[in-house]
Amino acid sequence: MGAGVDISRRNFLRGRSEGRRRRVLPPGVTAAGLESCTGCGRCVDVCPTHIIRLIGDRPALDFSIAECTFCGRCAELCPEPVFTGRPQRFPHIVMIGERCLARNGTDCQACRDACPTEAIRFRPRVGGPFLPELEQEACTGCGACLAVCPVAAIGVREGRGESVYV
């Protein structure tokens, strides 16, 4: 595989490869703070959900495994000024794409069941399964819905824009 390809186990089994994804930083880490990181790996070792990975000696989150619980252990053990505060939400939100099973005629509400803030709800419709809707203000961007989606239809979107009903 080339350096520019990130192929997850799920996509490998589907025969798909996707381009390199944007790095999602742990809560409280900014791009400027990331410059202070020495790559010691303490944040990786202490993460209770094991979603922090070192990529190029810098921390990044892997939501395909689990979600961020905003426990703050990574910030507590970091010896450098990488983390700022203890935020309880990310600057991003999730988006539900067109591969969503419910949007393609198959009943699935796994993302709703996994969401700890109940930010994903399903609206009834005539003649088909309920359709997902995201309540932006309730979404913390924790990634719980990403890990459980059987078709990888959920992604991360920067910012909190006007409309996220994708």
Side-chain angles (χ1 to χ4, degrees), residues 1-29 31 43-44 46-56 58-74 87-166:
M1 285 188 288
V5 175
D6 171 23
I7 190 160
S8 69
R9 200 174 28 184
R10 181 180 292 158
N11 286 332
F12 174 76
L13 293 172
R14 285 193 193 117
R16 268 196 329 232
S17 66
E18 296 179 2
R20 180 171 288 200
R21 294 185 182 159
R22 186 171 181 87
R23 178 187 301 255
V24 177
L25 301 175
V29 176
C43 56
V44 174
V46 75
C47 181
T49 57
H50 309 290
I51 63 169
I52 301 178
R53 302 272 185 260
L54 288 183
I55 300 174
R58 300 291 186 263
L61 300 183
D62 181 359
F63 289 135
S64 69
I65 299 167
E67 76 273 8
C68 177
T69 61
F70 301 101
C71 68
R73 291 183 188 157
C74 51
Q88 294 300 302
R89 66 184 325 128
F90 285 96
H92 65 256
I93 55 175
V94 299
M95 57 183 238
I96 304 168
E98 293 304 315
R99 290 190 308 237
C100 173
L101 290 175
R103 292 182 180 196
N104 289 287
T106 302
D107 186 34
C108 177
Q109 296 184 12
C111 56
R112 180 205 64 185
D113 296 342
C115 183
T117 61
E118 299 180 357
I120 301 174
R121 300 178 187 252
F122 278 75
R123 178 178 35 93
R125 72 172 171 165
V126 177
F130 292 11
L131 292 176
E133 291 183 343
L134 178 69
E135 186 180 326
Q136 291 183 40
E137 291 308 311
C139 180
T140 62
C142 72
C145 55
L146 278 82
V148 299
C149 182
V151 293
I154 302 175
V156 172
R157 179 174 157 238
E158 286 189 36
R160 296 180 176 272
E162 292 289 319
S163 176
V164 185
Y165 303 112
V166 292

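Just so you know, these numbers use all the heavy atoms, side chains as well, and skip hydrogens, waters and symmetry mates.
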Spatial distance of atom [atom1] ([X]) from atom [atom2] ([Y]) [nearest 0.5 Å]:
| X | Y | atom1 | atom2 | value |
| --- | --- | --- | --- | --- |
| Ile93 | Met95 | CD1 | CE | 9.5 Å |
| Cys139 | Glu118 | SG | CD | 13.5 Å |
| Ile51 | Thr69 | CD1 | OG1 | 7.5 Å |
| Thr140 | Phe90 | OG1 | CZ | 7.5 Å |
| Leu134 | Cys111 | CG | SG | 9.0 Å |

- Message: Using the side chain to side chain contact (heavy atoms under 4.5 Å, CB included) definition, which of the options Thr49, Val24, Val94 pairs with Phe63?
- Response: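 Of the listed options, the one satisfying the test is Val24.
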Look at the side chain of Arg121 and the backbone N and O of Glu135, then say whether any donor-acceptor pair between them is shorter than 3.5 Å.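 Judged by distance alone, no pair lies under 3.5 Å.
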Between Asp107 (side chain) and Phe130 (backbone), is there a donor-acceptor pair under 3.5 Å?
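No; zero donor-acceptor contacts below 3.5 Å.
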Would you name the heavy atoms of [X] and [Y] that are closest together and state the gap between them?
| X | Y | answer |
| --- | --- | --- |
| Arg89 | Gln136 | NH2-O, 3.9 Å |
| Cys100 | Ala153 | N-CB, 3.3 Å |
| Pro87 | Pro27 | CG-C, 3.8 Å |
| Ala102 | Arg125 | O-NH2, 3.2 Å |

Sub-4.5 Å side-chain heavy-atom contact between [X] and [Y]:
| X | Y | value |
| --- | --- | --- |
| Pro59 | Cys74 | no |
| Cys43 | Pro26 | no |
| Val148 | Ile154 | no |
| Pro116 | Glu67 | no |
| Phe122 | Cys108 | no |

For Arg112, does the CZ atom sit with more than 12 other heavy atoms under 6.0 Å from it, leaving out its own atoms?
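Enclosed: over 12 neighbouring heavy atoms sit under 6.0 Å from CZ of Arg112.
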Test log, rule side-chain contact (heavy atoms from CB on, under 4.5 Å), inputs Ile120 and Ile96:
CA-CA 10 Å; Ile120 301 174; Ile96 304 168; 4.2 Å; yes
query: Would Arg53 and Ile65 count as a side-chain contact (heavy atoms from CB on, under 4.5 Å) if you check the C-alpha gap in whole Å, the side-chain angles of each, and the deciding distance to 0.1 Å?
result: CA-CA 11 Å; Arg53 302 272 185 260; Ile65 299 167; 2.5 Å; yes
Please evaluate residues Leu61 and Leu25 with respect to the criterion side-chain contact (heavy atoms from CB on, under 4.5 Å), reporting the C-alpha separation (whole Å), side-chain torsions for both, the decisive distance (0.1 Å), and the verdict.
CA-CA 6 Å; Leu61 300 183; Leu25 301 175; over 6 Å; no
